[in-house]
Amino acid sequence: MLDADFFRRWMTATAASVDREAARLTALDSPIGDADHGSNLQRGFTAVTATLEKEEPQAPGAVLMLAGRQLISTVGGASGPLYGTLLRRTGKALGDAAEVSEEQLTDALRTGVDAVMQLGGAAPGDKTMIDALVPAVEALGESFAAARAAAEEGALATTPLQARKGRASYLGERSIGHQDPGATSSALLIAALEEAAGE
């Protein structure tokens with residue numbers, strides 16, 4: 001079973017990973033976005049870890065809802081609302097339980113991903129974070145490692161696609177040949193799950 005500590009470790013591992021990869025995320029965002037994806041997420045997840053240390057929520061759902069709120073209030077651009085929605089809706093779906101199963105996490109994360117698709121109007125194949133998140137949720141039933149691999153594969157697979165949503169879609173065919181920064185940062189979020197589980 002997964003407790004609040006596990007979810008705090010997940011957010012801390014994500015923050016550390018975003019910190020390490022911020023320059024790469026921004027470099028990916030330069031040709032097809034605003035060149036601020038890395039720095040925006042870095043600011044957001046730094047705020048998340050600071051808030052979690054201060055408030056120490058005791059339920060998995062509460063950890064994610066707090067993290068989501070923090071991202072919405074500190075991250076500029078589309079990333080804040082999208083990541084914030086993902087975590088808040090996942091947290092809400094987990095409810096007030098002190099511990100949740102991996103199966104419950106998978107179902108809750110699916111709810112979160114659906115909410116992001118609704119908010120951004122994106123579907124798989126549109127060259128967005130959805131291309132990493134959807135396969136990750138599908139593989140999560142198997143293991144955290146399988147989810148990480150599926151997310152990383154999904155992010156890489158955005159390179160030959162033409163963007164149909166988000167800022168990159170304004171570039172039309174010029175968006176082809178660039179890996180999507182949102183899918184890349186989503187893969188970091190999923191990889192941090194495996195890290196939190198110590199697998």
Exercise. Are V18 and T46 close enough, and set up right, to give a side chain to side chain contact (heavy atoms under 4.5 Å, CB included), and what steps lead you there?
Worked result: CA-CA 9 Å; V18 165; T46 300; over 6 Å; no

For this session: Apply side chain to side chain contact (heavy atoms under 4.5 Å, CB included) to the pair V116 and M129, showing each step before the final yes or no.
Result: CA-CA 9 Å; V116 171; M129 63 197 292; 4.1 Å; yes

Exercise. Are D180 and L28 close enough, and set up right, to give a side chain to side chain contact (heavy atoms under 4.5 Å, CB included), and what steps lead you there?
Worked result: CA-CA 7 Å; D180 182 67; L28 287 174; over 6 Å; no

Problem set entry | Intermediate values then yes/no, side chain to side chain contact (heavy atoms under 4.5 Å, CB included), L188 and T14 | CA-CA 7 Å; L188 296 179; T14 303; 5.7 Å; no

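With hydrophobic clusters built from ILVMFWY side chains whose heavy atoms lie under 4.5 angstrom apart, L52 shares a cluster with F7. Linking Ile, Leu, Val, Met, Phe, Trp and Tyr residues whenever their side-chain heavy atoms come within less than 4.5 Å leaves I130 and L156 in two separate clusters. In the hydrophobic cluster analysis, where Ile, Leu, Val, Met, Phe, Trp and Tyr join through side-chain heavy atoms closer than 4.5 angstrom, V113 is grouped together with L82. Placement of F144 and L189 within a single hydrophobic cluster is found when ILVMFWY residues are connected by side-chain heavy-atom separations under 4.5 Å, directly or transitively. Cluster membership check: I32 does not share its hydrophobic cluster with I176, using side-chain heavy-atom separations under 4.5 Å among Ile, Leu, Val, Met, Phe, Trp and Tyr.
The environment of E99 atom CD is dense: over 12 non-hydrogen atoms of other residues, nucleotides or ligands sit within 6.0 angstrom.
Nearest heavy-atom pair across M117 and A123 is SD-CA, 4.4 Å. Closest non-hydrogen pair, A150 versus P135, comes out as CB-O, 3.5 Å. Across all their heavy atoms, L87 and A67 have their closest contact at CD1-CB, 4.0 Å. Between P81 and L119 the shortest heavy-atom distance is O-CD2, 3.7 Å. Taking every heavy atom of both residues into account, A132 and A187 meet most closely at CB-N, 4.3 Å. Between P124 and V134, the shortest heavy-atom contact is CG-CG2, 4.1 Å.
Separation of atoms CD (E195) and CZ (R9) is listed at 10.5 Å; rounding is to 0.5 Å. For the atom pair OH of Y170 and OG of S175, the computed distance is 13.0 Å after rounding to the nearest 0.5 Å. Rounding to the nearest 0.5 angstrom, the gap separating the CZ atom in R24 from the OG1 atom in T184 is 6.0 Å. Taking CG from L25 and CZ from R20, the interatomic distance works out to 11.5 Å, rounded to the nearest 0.5 Å. A distance of 5.5 Å separates CG of L2 from CD of E102, quoted to the nearest 0.5 Å. The distance from atom CH2 of W10 to atom CG of D5, rounded to the nearest 0.5 Å, is 15.0 Å.
The salt bridge (charged side-chain N to carboxylate O under 4.0 Å, His left out) contacts involving residues 142-163 comprise R148-E152, R148-E194, where partners must be two or more places apart or lie in separate chains. Residue pairs satisfying the side chain to side chain donor-acceptor pair (under 3.5 Å) criterion with at least one member in residues 126-136, sequence neighbours excluded, are listed as follows: D126-R164.
The main-chain N or O of A13 is never found under 3.5 Å from a side-chain atom of S17 such that the two would form a donor-acceptor pair. Side-chain atoms of D36 do not come within 3.5 Å of backbone N or O of S39 as any donor-acceptor pair. Between the side chain of Y83 and the backbone N or O of G44 there is no donor-acceptor pair closer than 3.5 Å. Between the side chain of T26 and the backbone N or O of G38, at least one donor-acceptor pair lies under 3.5 Å.
Contacts of R88 classified as salt bridge (charged side-chain N to carboxylate O under 4.0 Å, His left out), with partners at least two apart in sequence or in another chain: none. Taking the salt bridge (charged side-chain N to carboxylate O under 4.0 Å, His left out) definition, one finds that R89 meets it with nothing, sequence neighbours left out. Every residue meeting the side-chain hydrogen bond (donor to acceptor under 3.5 Å, both in side chains) condition with R43, not counting sequence neighbours, appears here in chain and number order: N40.
Using a 4.5 Å heavy-atom cutoff, the side chains of R8 and P57 are in contact. You'll find the side chain of L66 reaches within 4.5 Å of the side chain of E55, heavy atoms only.
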Which donor-acceptor pairs under 3.5 Å do the side chains of residues 72-79 make with protein atoms, sequence neighbours left out?
from: S73; atom 1: OG; to: R69; atom 2: O; distance (Å): 3.3
from: S73; atom 1: OG; to: Q70; atom 2: O; distance (Å): 3.1
from: T74; atom 1: OG1; to: Q70; atom 2: O; distance (Å): 2.7
from: S79; atom 1: OG; to: H37; atom 2: ND1; distance (Å): 3.1

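In this model, a donor atom of one side chain and an acceptor atom of the other lie less than 3.5 Å apart for Q104 and S101. Side-chain contact, T158 with Q179: no donor N or O sits under 3.5 Å from an acceptor N or O.
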